[in-house]
Amino acid sequence: MNFITPINTDLLLEEAEKEALYLKLIEQINKDFNLANEGIDFPMSISPNELKIQLHEKIYRLIQYKFAEYLNLLYIIDVSEDQIKKLDGSDLVVLSENVAFLILKREWQKVWFRNKY
């Protein structure tokens, strides 16, 4: 079975739930944010929609107020710099939404591979 990159946040979270890896995804996100000293503590009970909203808000605030920490976070999570450079930065709300999706995608990849191999 090959890893298929989800095309949007909702499908990614749906997939994680289907594969019963949603909780592992939350754990991974919490772990990486804490490694970056950006403590975020999503409860295991958080709904996919709430996760999506809160992650988006967190990224928005980082880009706006703590840019160095934001870059450090991307580095720790290992989000591709090329993918980030391709994003349109003119609208901060849209940008942070897209970055949140890239973060989720990368975290999902890690969880998925760890589970399969």
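- Side-chain contact between Ile59 and Leu73 is present, with at least one heavy-atom pair separated by less than 4.5 Å.
- For the pair Glu17 and Pro48, the minimum side-chain heavy-atom distance is below 4.5 Å.
- With sequence neighbours left out, the salt bridge (Lys or Arg N to Asp or Glu O under 4.0 Å) criterion links Lys105 to no other residue.
- By the side-chain hydrogen bond (donor to acceptor under 3.5 Å, both in side chains) test, Asp10 is found to be paired with Lys52, residues two or more places apart in sequence or in another chain being considered.
- Once rounded to the nearest 0.5 Å, the distance linking CG of Leu21 with CD1 of Ile26 reads 11.5 Å.
- Under a hydrophobic-cluster definition in which Ile, Leu, Val, Met, Phe, Trp and Tyr are linked whenever side-chain heavy atoms come within less than 4.5 Å, directly or via other members, Ile46 and Ile29 are assigned to the same cluster.
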Atom pairs and distances, donor-acceptor, side-chain atoms in residues 85-92, under 3.5 Å, two or more places apart:
residue : atom : partner : partner atom : Å
Lys85   : NZ   : Glu81   : OE2          : 3.1
Asp88   : OD1  : Ser90   : N            : 2.9
Asp88   : OD1  : Ser90   : OG           : 2.8
Asp88   : OD2  : Ser90   : OG           : 3.1
Asp91   : OD1  : Val93   : N            : 2.9
Asp91   : OD1  : Val94   : N            : 3.4

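- Scanning for salt bridge (Lys or Arg N to Asp or Glu O under 4.0 Å) contacts around Lys31 gives an empty result, with sequence neighbours left out.
- Residue Asn98 holds its CG atom at 11.5 Å from CD1 of Ile103, rounded to the nearest 0.5 Å.
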For Glu107 and Ile77: C-alpha separation, side-chain torsions, deciding distance, then whether side chain to side chain contact (heavy atoms under 4.5 Å, CB included) applies. CA-CA 7 Å; Glu107 298 290 38; Ile77 292 174; 3.7 Å; yes

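- Residues Ile76 and Leu104 do not share a hydrophobic cluster, defined by chaining ILVMFWY side chains whose heavy atoms lie under 4.5 Å apart.
- Annotation: side chain of Leu12 is not in contact with side chain of Ile7 (no heavy-atom distance under 4.5 Å).
- Grouping the Ile, Leu, Val, Met, Phe, Trp and Tyr side chains by contacts below 4.5 angstrom, directly or via other members, places Leu25 apart from Leu11.
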Leu51 and Thr9: CA distance, side-chain angles, deciding distance, side chain to side chain contact (heavy atoms under 4.5 Å, CB included) verdict: CA-CA 10 Å; Leu51 176 67; Thr9 302; over 6 Å; no

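- Heavy-atom neighbours of Lys110 NZ from other residues, nucleotides or ligands within 6.0 Å: above the threshold of 12.
- Between atom CG of residue Leu13 and atom CG of residue Asn49 there is a gap of 9.0 Å, rounded to the nearest 0.5 Å.
- Side-chain atoms of Arg106 come within 3.5 Å of backbone N or O of Asp78 as a donor-acceptor pair.
- For Glu50, the side-chain hydrogen bond (donor to acceptor under 3.5 Å, both in side chains) partners two or more places apart in sequence, or in a different chain, are Gln54.
- Applying the side-chain hydrogen bond (donor to acceptor under 3.5 Å, both in side chains) criterion to Arg114, with sequence neighbours excluded, gives Gln28.
- The distance from the CD1 atom of Ile40 to the CG atom of Leu55 is 6.0 Å, given to the nearest 0.5 Å.
- Atoms OG and CD1, from Ser47 and Ile53 in turn, are 7.0 Å apart once rounded to the nearest 0.5 Å.
- Applying the salt bridge (charged side-chain N to carboxylate O under 4.0 Å, His left out) test to pairs two or more places apart or on separate chains, those with a residue in residues 33-42 are Glu38-Lys58, Glu38-Lys66.
- By the side-chain hydrogen bond (donor to acceptor under 3.5 Å, both in side chains) test, Asn30 pairs with no residue at all, sequence neighbours left out.
- Residue pairs meeting the ring pair (Phe, Tyr, Trp, His ring centres under 6.0 Å) criterion with at least one partner in residues 5-54, sequence neighbours excluded, are absent.
- Legend: ring pair (Phe, Tyr, Trp, His ring centres under 6.0 Å) pairs involving residues 47-104, not counting sequence neighbours, sorted by first then second residue: Phe67-Tyr70.
- The shortest distance between side-chain heavy atoms of Trp112 and Lys24 does not fall below 4.5 Å.
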Step by step, work out the salt bridge (charged side-chain N to carboxylate O under 4.0 Å, His left out) result for Glu19 and Lys116. CA-CA 11 Å; Glu19 300 255 353; Lys116 296 290 178 227; 3.0 Å; yes

Under the side chain to side chain contact (heavy atoms under 4.5 Å, CB included) rule, what do Leu74 and Val99 come out as? Steps first, then yes or no, please. CA-CA 9 Å; Leu74 293 180; Val99 170; 3.9 Å; yes

